[in-house]
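First comes the structure, then the notes that go with it.
If you read the sequence from its start, that first residue is 1, and numbering goes on from there.
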Amino acid sequence: MSDPMRPPVSPQHPQAASLRSDPSRSRASLRTAVVWEVLQDALDRRVKSTGRESLDVLDTGGGSGNFAVPVARLGHRVTVVDPSPNALFALERRAAEAGVADRVKGVQGDAHGLFDVVERGGYDVVLFHGVLEYVDDPAEGIRNAVAALREEGVLSLLAAGLGGAVLARALAGHFTEAKQALHDPEGRWGSGDPMPRRFTADQLIALVEGAGLTVGAVHGVRVFADLVPGVLVDTEPSALEALLKLEAAAAALPAFQSVATQLHVLGETGGGA
């Protein structure tokens, strides 16, 4: 997953900086901008609801901190659970370089044995990004993530979208593989497919609601970003900003969610965000 935008943060006012206002947007931000927009809003609402400036955030499968470090820079405390020691070492280094080592903690583990390493019911927000594709039982994985939430909390779920893979294979001329992915129960285009599982928006919504959460928002991620040739963005000064705005405008529309590379679902406990 690409690195998100890194805004400057005032130590006196950690919530004052917004990921949305970062002027140094790169092409990589196309892959994360929609998620960060939604996540930023969710964090802001939880801060207002709890009356606390710092939230406790759990990032499952957070790797080297692509999401965790920017969240910590907003003043929140982030625990990252990842099975890779190398990723956790990179997380420690990145957090130190960003000046948030005191707000980021990495622990080795996975979604299946989550409560062997973290507290049940101890977090205001749980990030479950790029994990559901790899767990043996997606429903169990979601239930574990939800069980880590406090009575009032938010789940941010990001997973591979089926429609985006079908469209990408078809546009590449691999029509048989596109059809295979379309009909395969796991959304895979063949034995060489590196992705174990893909989802539709309806499948993700059913999983989140089945775990007892209310779906607050659904967005398509990377609707156009993976299809537009890089040269078109890199050679036009205003093209990146225009494409970011297009991604944001299309993200909430079901027609475009159905062909997105990734899908983002925000789930909320009974108390809401």
Has the side chain of [X] got a donor or acceptor atom that lies under 3.5 Å from a matching backbone atom of [Y]?
X	Y	result
Arg52	Ser54	yes
Asp124	Gly153	no
Arg188	Asp193	yes
Arg198	Gly187	yes
Arg150	Gly122	yes

State whether the number of non-hydrogen atoms from other residues, nucleotides or ligands found under 6.0 Å of [X] atom [atom1] is greater than 12.
X	atom1	result
Phe115	CZ	yes
Phe224	CZ	yes
Glu92	CD	no
Asp102	CG	yes

Candidate pair Tyr134 and Asp110, rule side-chain contact (heavy atoms from CB on, under 4.5 Å), full reasoning | CA-CA 10 Å; Tyr134 298 94; Asp110 56 31; over 6 Å; no

Could you give the distance from [atom1] ([X]) to [atom2] ([Y]), rounded to the nearest 0.5 Å?
X	Y	atom1	atom2	answer
Arg77	Lys105	CZ	NZ	11.0 Å
Leu263	His219	CG	NE2	11.5 Å
Arg197	Leu162	CZ	CG	13.0 Å
Glu133	Leu158	CD	CG	7.5 Å
Ser156	Glu268	OG	CD	11.0 Å

Closest contact, heavy atoms only, Thr261 versus Asp226 | OG1-OD2, 2.9 Å

Taking all non-hydrogen atoms of both residues, which atom of Gln108 and which atom of Pro85 are closest, and how far apart?
-> NE2-CG, 3.5 Å

Just so I know, are the side chains of [X] and [Y] near enough to count as touching, which here means a heavy-atom distance under 4.5 Å?
X	Y	value
Thr79	Asp59	no
Val154	Arg46	yes
Thr32	Gln262	no
Arg94	Asn66	yes
Leu91	Asp82	no
Ile205	Val218	yes
Leu213	Leu155	yes
Tyr123	Val57	no

Verdict with reasoning, Gln180 to Phe175, per side-chain contact (heavy atoms from CB on, under 4.5 Å) = CA-CA 9 Å; Gln180 170 69 19; Phe175 306 121; over 6 Å; no

Does a donor on one side chain sit under 3.5 Å from an acceptor on the other, for Asp44 and Gln40?
->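 Judged by distance alone, the side chains do pair up.
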
Hey, what's the ring geometry for His129 with His264, parallel, tilted or perpendicular (30° and 60° as the breaks)?
->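 Answer is perpendicular, since the angle exceeds 60°.
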
Would a single hydrophobic cluster contain both [Y] and [X], if residues Ile, Leu, Val, Met, Phe, Trp and Tyr are joined by side-chain heavy-atom contacts under 4.5 Å?
X	Y	value
Leu58	Val107	yes
Leu240	Val228	yes
Val38	Val35	yes
Leu157	Val131	yes
Leu253	Leu244	yes

Could you walk me through whether Glu209 and Val215 pass side-chain contact (heavy atoms from CB on, under 4.5 Å), step by step?
-> CA-CA 7 Å; Glu209 290 181 340; Val215 173; 3.8 Å; yes

Decide side-chain contact (heavy atoms from CB on, under 4.5 Å) for Ile142 and Phe128; before the verdict, give the C-alpha distance in whole Å, the side-chain angles of both, and the deciding distance to 0.1 Å.
-> CA-CA 8 Å; Ile142 292 291; Phe128 208 69; 4.1 Å; yes

